[in-house]
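See structure below.
Hydrogens, waters and symmetry mates are skipped; everything else that's a heavy atom, side chains included, is used. Whatever order the structure lists them in is the order used to number ligands and atoms, beginning at 1.
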Amino acid sequence: PADVKTLGRHTWTLLHTMAAYYPEKPEKKQQESMKTFFESFSEHYPCWFCKNDFKQDMAENPIDVTNRETLSEWLCRRHNKVNEKLGKKQFDCTKVFERWLTGPAN
Ligand code: FAD
């Protein structure tokens, strides 16, 4: 696509926000549909080199849809894998809810 960075930034916003609002105690159906969503996402993300690496990473590190905590942690690690590849700083995954759910405490 014309702008891999803008696409990426906005996509991470959607994905982390979805994970942060995923139920703490999801129903089986919700777990299945979240897993299906990420499988489809990894097939259709419109940046082919991003998509190929992401699919590979998902194959090595299967999604954990158990609950909000596990899904958010899993996604944070996947994003950190991309950060590493791009030479960006690692994000502190203990801060994932502060960043994507509650906002900073002060
Ligand atoms: P982004 O990485 O877009 O992050 C946005 C915000 O998320 C940050 O400002 C920070 O507040 C927060 N954040 C950062 N790390 C984490 C984390 N681990 N967990 C939670 N929150 C975090 N670009 C490429 O050039 N090559 C690729 O192969 C590539 N693969 C990608 C694969 C996927 C699935 C996605 C969604 C994007 C990919 N991108 C890729 C785009 C890339 O990840 C960035 O989105 C883009 O470079 C813009 O970076 P940014 O510095 O604005 O911050």
Specify the protein heavy atom at minimum distance from [atom]: its residue, its atom name, and the distance to 0.1 Å.
atom	answer
atom 41 (C) of ligand 1	G8 CA, 3.8 Å
atom 28 (O) of ligand 1	K85 NZ, 2.4 Å
atom 50 (P) of ligand 1	K88 NZ, 3.8 Å
atom 34 (C) of ligand 1	F54 CD1, 3.7 Å
atom 32 (C) of ligand 1	C50 CB, 3.7 Å
atom 7 (O) of ligand 1	W100 CZ2, 3.3 Å
atom 9 (O) of ligand 1	R99 NH2, 4.3 Å

Would a 4.5 Å heavy-atom cut-off, applied to side chains only, mark H16 and H79 as touching?
yes
Nearest-0.5 Å distance that lies between atom SG in C47 and atom CG in D3
10.5 Å
Between OG1 on residue T70 and CD on residue E73, distance to nearest 0.5 Å:
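With rounding to 0.5 Å, OG1 (T70) is 9.0 Å from CD (E73).
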Does ligand 1 have an atom under 4.0 Å from some heavy atom of R78?
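The answer is no, since R78 has no heavy atom less than 4.0 Å from ligand 1.
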Once you restrict to heavy atoms under 4.0 Å, what part of [X] touches ligand 1? Side chain, backbone, both or neither.
X	answer
L86	side chain
R77	neither
N83	side chain

Taking only distance into account, with no hydrogens and no angle test, what donor-acceptor pairs under 3.5 Å do side-chain atoms of residues 82-89 form with protein atoms, sequence neighbours excluded?
from	atom 1	to	atom 2	distance (Å)
N83	ND2	N80	OD1	3.2
K85	NZ	D53	OD2	2.4

Salt-bridge criterion met for E43 and K51 (N-O under 4.0 Å)
no
Does a salt bridge link K28 with E32, judged by any charged N lying under 4.0 Å from a carboxylate O?
no
Any idea how Y45 and F41 line up, ring-wise: parallel (<30°), tilted (30 to 60°), or perpendicular (>60°)?
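Ring orientation, 0 to 90° scale: tilted.
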Polar atom proximity, [X] to ligand 1 (N or O, under 3.5 Å):
X	result
W12	yes
C76	yes
Y45	no
T11	no

In chain order, what residues pass the side chain to side chain contact (heavy atoms under 4.5 Å, CB included) check against L14, with sequence neighbours excluded?
M18
Please compare H79, R9, M58 and report which has the shortest non-hydrogen distance to atom 22 (C) of ligand 1.
H79
Is atom 16 (C) of ligand 1 less than 4.0 angstrom from at least one protein heavy atom?
yes
Determine, counting only non-hydrogen atoms of the protein, whether one lies under 4.0 angstrom from atom 47 (O) of ligand 1.
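Yes, at least one protein heavy atom sits under 4.0 Å from atom 47 (O) of ligand 1.
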Other residues, nucleotides, ligands: >12 heavy atoms within 6.0 Å of R77 CZ:
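Counting neighbours around CZ of R77, 12 or fewer heavy atoms of other residues, nucleotides or ligands fall under 6.0 Å, so no.
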Is it the case that over 12 heavy atoms from other parts of the model lie below 6.0 angstrom from the CD atom of Q90?
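Correct, the count exceeds 12.
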Apply ring-ring contact (aromatic ring centres under 6.0 Å, His included) to W74 and F38, showing your working.
CA-CA 12 Å; W74 174 82; F38 271 96; 5.4 Å; yes
Looking just at side-chain N and O atoms, do E27 and Q31 make a donor-acceptor pair shorter than 3.5 Å?
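No, Q31 and E27 have no side-chain donor paired with an acceptor closer than 3.5 Å.
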Interfacing atoms of ligand 1 (cut-off 4.0 Å, heavy-atom, H16)
19 (N), 20 (C), 21 (N)
